[in-house]
Chemist: 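One structure follows; several queries about it will come next.
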Number of protein chains: 2
Amino acid sequence: MIPSIGVDVALRRGEDMMELHIRELRKFDEPLYKWVKRGLIELIGLGTWRPAQAIPSERKLSEGFGVSMGTIRRALDELVDDDVLVRHQGRGTFVTAHDRNRYLFSFFNVCGHDGQRIYPVVNLIDFDSLRADAFVARSLSISPGAKVVRVRNLLTLKGVPTLVDEILLPAARFAGISRERVADRSGTLYQLYEEQFRQSVTRIEERLRATVANAQQAADLAVDPGYPLLHIVRRAFAVDGTPIELRHSFVKTEHYEYSRTLHEADRGRGRD
Amino acid sequence: MIPSIGVDVALRRGEDMMELHIRELRKFDEPLYKWVKRGLIELIGLGTWRPAQAIPSERKLSEGFGVSMGTIRRALDELVDDDVLVRHQGRGTFVTAHDRNRYLFSFFNVCGHDGQRIYPVVNLIDFDSLRADAFVARSLSISPGAKVVRVRNLLTLKGVPTLVDEILLPAARFAGISRERVADRSGTLYQLYEEQFRQSVTRIEERLRATVANAQQAADLAVDPGYPLLHIVRRAFAVDGTPIELRHSFVKTEHYEYSRTLHEADRGRGRD
DNA sequence: CAGTGGTCTAGACCACGTC
DNA sequence: ACGTGGTCTAGACCACTGG
């Protein structure tokens, strides 16, 4: 988009050309603040400002984008709502820093019957690639037949094999992904997506069903075929709203279970 | 900044009494828009504008409160976020009409495999009372042996028996509840709690497991014993944070499933 | 101290819905 | 045509943080 936005010097010279360039990239009938927001998302995605780093001040952004501070603030407000940015009065506005606990427990909802959270031990049991069938293509908003990477994990909680994951990723968004890079990571998969492929997960959608273990799952989880399992179908979405992961999880809920707290103000989120 | 000047001016013009009432509520060191917001909440609470009715336009509110339109808009923005108001461009701003859909779909997360929401048909199949055992007592924060009302419902979606509920209520909080009052209600159970017993549910906590149908459940849901069911244990909490309902739901997820969307900003809610 | 975000103003023009 | 909310401007002063 406009790689030099925010760098004060670049604006003064060639202002007219810049302005023209900016206006051309504007979408028809799109509010200015949405355009600013998209621009900032793009710049963050390009690594212009790293997590925990400050972005330019509102006044500089106002000058750089050529819009008023009110418009900048509106864009920043939405990015703060989306948890892409954090404001600190008197200090500046910062790209959100994501630590491992955040990702682990923000979207990992399995806990003991007493409600206690447990750190899972993750073991990679399979890594390969395949072509998207109709369902996968629709779920990931890609073309049928497009290349998809598949990761299978076994999660163990306090020595008890509890959960098997089958994770499908659109290969186009994860260029260069390999068994080694997945197996040798230090944090969660979502950290890997973010740090190595610039894909930040901001929203997930989950559907839960009850099912019974097939032969493979029974072997992985050390139960008999026919044992009841919680089947979670999850889609993870990037900042721009596109799905970047489709995940099937099968949970043995004998000692652990899936837990959520819902607030009245969240109504309507159940199905959007 | 002396907001009461604008208020006084408005009063001299004989607008109405709302400003007089609000003026006393002004706190020092509070942003103006927060004051406007509290004022509007109070006026709505007093019934100045009924649900589904329009409130005054932003320009009139600006004049009435003696603040700029930008400040009014900020207060309205937050009230829209809180779902107290709804905006309709070109028509006005309206007090949210809370109909049965609100409660139904705010905490009812079962939908079709295609994501479509369905209105369930509820049939009361049992109503009795019993004494709390240790688990129920702890779950409802009551004494073991205290009286508990039990309601059993069968929910049918598009003619398919899909869900059986066992609902446990602390009798002390639901004095005068009867089979008839539960069966003859027009809306949801949570509406009944709110309207007849002044118990508003603001938060729920859910834990999900996979299980298999016992004989009773199999008969209710028209499946064979051993069929996999989603078992949801729910606690509903009142405004003051005390639990007022313990509910076990058993869901046949053949055609319908449990669905949730989680946002990154919700992190930490999974286990609190 | 200078610079940041937080709040607020007093307008403007536009898109939309209703009459 | 008119009034509504939606967007946007070009400033202002404040509270807070850091050197």
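Letters A, B, ... mirror the listed sequences (proteins, then strands); counts begin at 1. Worth saying up front: this structure is predicted, and the values here are computed from it rather than measured.
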Chemist: I72(A) has an atom CD1; how far is it from atom C1' of dC8(D), in whole Å?
Modeler: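 That distance rounds to 12 Å.
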Chemist: Just compare dG5(D), dG5(C), dC8(C) and give me whichever is closest to any side-chain atom of S57(A).
Modeler: dG5(C)
Chemist: Could you pull out the protein-nucleic contacts involving nucleotides 15-19 of chain C (nitrogen or oxygen on both sides, under 3.5 Å)?
Modeler:
from, atom 1, to, atom 2, distance (Å)
dA15(C), N3, Q89(B), NE2, 3.2

Chemist: Can a side chain N or O of T71(B) be found less than 4.0 Å away from OP1 or OP2 on dT7(C)?
Modeler: no
Chemist: Run the salt bridge (Lys or Arg N to Asp or Glu O under 4.0 Å) test against R247(A) and tell me which residues pass, sequence neighbours left out.
Modeler: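 Residues passing salt bridge (Lys or Arg N to Asp or Glu O under 4.0 Å) with R247(A): D165(A), E245(A).
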Chemist: Can you identify which nucleotide, out of dG5(C), dG5(D), dT9(C), has its nearest atom closest to the E58(A) side chain?
Modeler: dG5(C)
Chemist: Over how many whole Å does the gap from K34(A) atom NZ to dG6(D) atom C1' extend?
Modeler: 12 Å
Chemist: Could you tell me the separation between the CZ atom of F65(A) and the P atom of dT7(D), rounded to a whole number of Å?
Modeler: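 To the nearest whole Å, that distance equals 18 Å.
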Chemist: Side chains of R181(A) and Q196(A): any donor to acceptor distance under 3.5 Å?
Modeler: yes
Chemist: Looking only at non-hydrogen atoms, find the nearest pair between S68(A) and S62(A) and report the distance.
Modeler: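 Closest heavy-atom pair between S68(A) and S62(A): C-OG, 3.7 Å.
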Chemist: Between L76(A) and G70(B), which has a closest nucleotide on DNA chain C that is more 5'?
Modeler: L76(A)
Chemist: Kindly say whether M69(A) contributes a backbone atom to a donor-acceptor pair with the side chain of T71(A) at under 3.5 angstrom?
Modeler: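 No.
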Chemist: Does R59(B) contact dG5(D) through a side-chain donor or acceptor facing the base, at a distance under 3.5 Å?
Modeler: yes
Chemist: Who pairs with R209(A) by salt bridge (Lys or Arg N to Asp or Glu O under 4.0 Å), at least two apart in sequence or on another chain?
Modeler: E257(B)
Chemist: What pairs with E78(A) under salt bridge (Lys or Arg N to Asp or Glu O under 4.0 Å), at least two apart in sequence or on another chain?
Modeler: K34(A), K37(A)
Chemist: Have a look at R73(B) and say if it touches a base, only the backbone sugar-phosphate, or nothing, with a 4.0 Å heavy-atom cut-off.
Modeler: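 Touches a base.
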Chemist: Looking at dT4(D), I'd like to know if its phosphate oxygens (OP1 or OP2) sit under 4.0 Å from a side-chain N or O belonging to K60(B).
Modeler: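 So the side chain of K60(B) is within the cut-off, an N or O lying under 4.0 Å from OP1 or OP2 of dT4(D).
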Chemist: Can you list the residues that meet the salt bridge (Lys or Arg N to Asp or Glu O under 4.0 Å) rule with R235(B), with sequence neighbours excluded?
Modeler: E205(B)
Chemist: Whole Å only: how far is the CD atom of E78(A) from the C1' atom of dG6(D)?
Modeler: 13 Å
Chemist: For L32(B) and dG6(C), give me the distance from atom CG to atom C1', rounded to whole Å.
Modeler: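 Going from CG in L32(B) over to C1' in dG6(C) covers 13 Å.
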Chemist: Output the rounded distance in Å from CE (M69(B)) to P (dT4(D)).
Modeler: 10 Å
Chemist: Take atom CZ of F94(B) and atom C1' of dG3(D), then tell me their distance rounded to the nearest Å.
Modeler: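 For the pair F94(B) CZ and dG3(D) C1', the rounded distance is 12 Å.
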Chemist: Taking OP1 and OP2 of dA10(D), is either one under 4.0 Å from a side-chain nitrogen or oxygen of S68(A)?
Modeler: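 For dA10(D), neither OP1 nor OP2 has a side-chain N or O of S68(A) closer than 4.0 Å.
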Chemist: Any side-chain N or O of Y33(B) below 4.0 angstrom from OP1/OP2 of dT7(C)?
Modeler: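 Y33(B) to dT7(C) OP1/OP2: side-chain N or O found under 4.0 Å.
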Chemist: How many Å lie between CG on D77(B) and P on dT7(C), as a whole number?
Modeler: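 From D77(B) CG to dT7(C) P: 13 Å.
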Chemist: Check whether any side-chain nitrogen or oxygen of R74(A) sits under 4.0 Å from OP1 or OP2 of dC8(D), and answer yes or no.
Modeler: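 Answer is no, no contact under 4.0 Å.
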Chemist: Partners of R91(B) by side chain to side chain contact (heavy atoms under 4.5 Å, CB included), sequence neighbours excluded?
Modeler: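 Partners of R91(B) by the side chain to side chain contact (heavy atoms under 4.5 Å, CB included) criterion, ordered by chain and then number, come out as H88(B), F94(B).
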